[in-house]
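Each chain gets a letter, A, B and so on, in the order its sequence line appears, and its residues count up from 1. Only a predicted model underlies this, so the values are computations on that prediction, with no experimental measurement involved.
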2 protein chains.
Amino acid sequence: MKLSEGVEQAIHSVAMLASLEADQVLSAAALAEFHGVSPSYLLKHLQALSRSGILGTVPGPKGGYHLAQTPEDISLLDVVLAVEGPEPAFRCKEIRRNGPNPVPEGFFKAPCQINAAMLRAERSYRAELRKVTIAHLLAEVREDDDGTLAARSCAFLDANVRISNQSRQH
Amino acid sequence: MKLSEGVEQAIHSVAMLASLEADQVLSAAALAEFHGVSPSYLLKHLQALSRSGILGTVPGPKGGYHLAQTPEDISLLDVVLAVEGPEPAFRCKEIRRNGPNPVPEGFFKAPCQINAAMLRAERSYRAELRKVTIAHLLAEVREDDDGTLAARSCAFLDANVRISNQSRQH
DNA sequence: GCGCAAGTACTCGGATATAGAGTGTCCGAGTGGACCGGG
DNA sequence: CCCGGTCCACTCGGACACTCTATATCCGAGTACTTGCGC
């Protein structure tokens, strides 16, 4: 029961991308350097986010990534599922049908009680993540910020933002 | 984000152990055969449950495992944490302090907003698991059972239960 | 001088190596019962 | 026949291999800019 490190990188990257204007993009290399992580590894997760429709890409020089949805529409759950995959954490192997005296087939119509309880808990987990959007996170950060964090982000954006001459698409 | 297979084995084993009387024990080998899983691997998790105080052990021949708490006091969360470990699934690496322009130290007094949101979700997950006890699970199973499952368990218990001459302890 | 075309540099994308944890196995410490010998 | 001691078989316990996924990396496809040539 542990989440990939890529989840944290992905969330930070999405939050950063949420700060730029329309028709602006950031390269994966810039995001990786800013966060001090492996460029290739971050790229892998950015691609997953792109496949999930959270990010859009602009190929070629001066290309990069941008949000494909508004920050209000992207929840933490969307990002986590894009990176970790959609399958639930608890996968019932139905070991009741193993062994010398397996449970008869008829009982498999209803899901195992244990599986049901575990999935209930995971639904609760996902519901909590669904409530939090990228917009919420940014608002919280701004609330506690005296300007230092904003200045840091702006400096990075000024140095690395690129204006794509393609209209925003996904 | 995925749970070990041992979690399922552990929960089924605890549920089985909940069905036996005081001063009765079951060997790890019997539980493994009944569930059709690797004896050595199940043993590993039973030991973890023992270290966590959920199970008690009786060494020597005619020894085995028994519950160290009542089924009403053992929640699914207890079992999951014993097998998977207590640390949360999302471990914030604070990548904000990485890179060429790290966030100043002062901001680390408060936890990262992202970390806070992820931990909130996990608290919800754990709360849901805490609500479900082994006693609840057994009651649910009995409710849907026409006698087949009960007969299966009884047959196994009759063949494998051992009466320990030690008083129940942990 | 202007337009066009080829070359180039930089981007994302997927296929490919490596490391760590989950999975599976083995051997050792300890204990209760069984057996054997003595009383 | 009864009792004590020794041996043995079976248990849990922790230390040791193996496998698979998460991690980290590299090379290939595609595109916009640059540069050179022709008109």
Query raised in the report: Sequence neighbours excluded, which residues qualify as side-chain contact (heavy atoms from CB on, under 4.5 Å) partners of Lys93(B)?
Result: Glu5(A), Glu8(A), Ile95(B)
Report summary line: Sorted by chain and residue number, the salt bridge (Lys or Arg N to Asp or Glu O under 4.0 Å) partners of Lys2(B) (sequence neighbours excluded) come out as none
Query raised in the report: Roughly how many Å is it from NE2 in His35(B) to P in dG24(C), rounded to a whole number?
Result: 16 Å
Requested in this report: Determine which pairs satisfy ring-ring contact (aromatic ring centres under 6.0 Å, His included) with at least one residue from residues 111-150 of chain A, sequence neighbours left out, and list them in order.
Outcome: Tyr125(A)-Tyr125(B)
**Report entry** For Glu33(B), salt bridge (Lys or Arg N to Asp or Glu O under 4.0 Å) partners two or more places apart
**Finding:** none
Identify each atom pair where a protein N or O and an N or O of nucleotides 16-23 of chain C are less than 3.5 Å apart, giving names and distance.
residue: dT23(C); atom: OP1; partner: Glu5(B); partner atom: N; Å: 3.4
residue: dT23(C); atom: OP2; partner: Ser4(B); partner atom: OG; Å: 2.6
residue: dT23(C); atom: OP2; partner: Tyr41(B); partner atom: OH; Å: 2.7
residue: dT23(C); atom: O5'; partner: Tyr41(B); partner atom: OH; Å: 3.1

Report summary line: Whole-Å distance, Ile163(A) CD1 to dA32(D) P, equals 16 Å
For residues 47-56 of chain A, which side-chain donor-acceptor pairs fall under 3.5 Å, sequence neighbours excluded?
residue: Ser52(A); atom: OG; partner: Ala48(A); partner atom: O; Å: 3.1

Can I get a per-line list of side-chain donor-acceptor pairs under 3.5 Å for residues 70-89 of chain B, giving both atom names and the distance, sequence neighbours left out?
residue: Thr70(B); atom: OG1; partner: Asp73(B); partner atom: N; Å: 3.4
residue: Thr70(B); atom: OG1; partner: Asp73(B); partner atom: OD2; Å: 3.0
residue: Ser75(B); atom: OG; partner: Leu77(B); partner atom: N; Å: 3.4
residue: Ser75(B); atom: OG; partner: Asp78(B); partner atom: N; Å: 3.2
residue: Ser75(B); atom: OG; partner: Asp78(B); partner atom: OD2; Å: 3.1
residue: Asp78(B); atom: OD2; partner: Ser75(B); partner atom: N; Å: 3.0
residue: Glu84(B); atom: OE1; partner: Met1(A); partner atom: N; Å: 2.3
residue: Glu84(B); atom: OE2; partner: Ser4(B); partner atom: N; Å: 2.7

Report summary line: Those residues at least two apart in sequence (or on a different chain) that pass side-chain contact (heavy atoms from CB on, under 4.5 Å) with Ser13(A) are Leu31(A), His35(A), Leu42(A), Leu46(A)
What does the list of N/O pairs under 3.5 Å between the protein and nucleotides 9-12 of chain C look like, with a distance for each?
residue: dT11(C); atom: OP1; partner: Arg162(A); partner atom: NH1; Å: 3.4
residue: dT11(C); atom: OP1; partner: Arg162(A); partner atom: NH2; Å: 2.7
residue: dT11(C); atom: O4'; partner: Gly60(A); partner atom: O; Å: 3.1
residue: dC12(C); atom: OP1; partner: Ala28(A); partner atom: N; Å: 3.0

Report task. Examine dG13(C): is either OP1 or OP2 under 4.0 Å from a nitrogen or oxygen in the side chain of Arg51(A)? Give yes or no. Result -> no
Query raised in the report: Hey, are Arg97(B) and Glu94(B) close enough for a salt bridge, meaning a charged N less than 4.0 Å from a carboxylate O?
Result: no
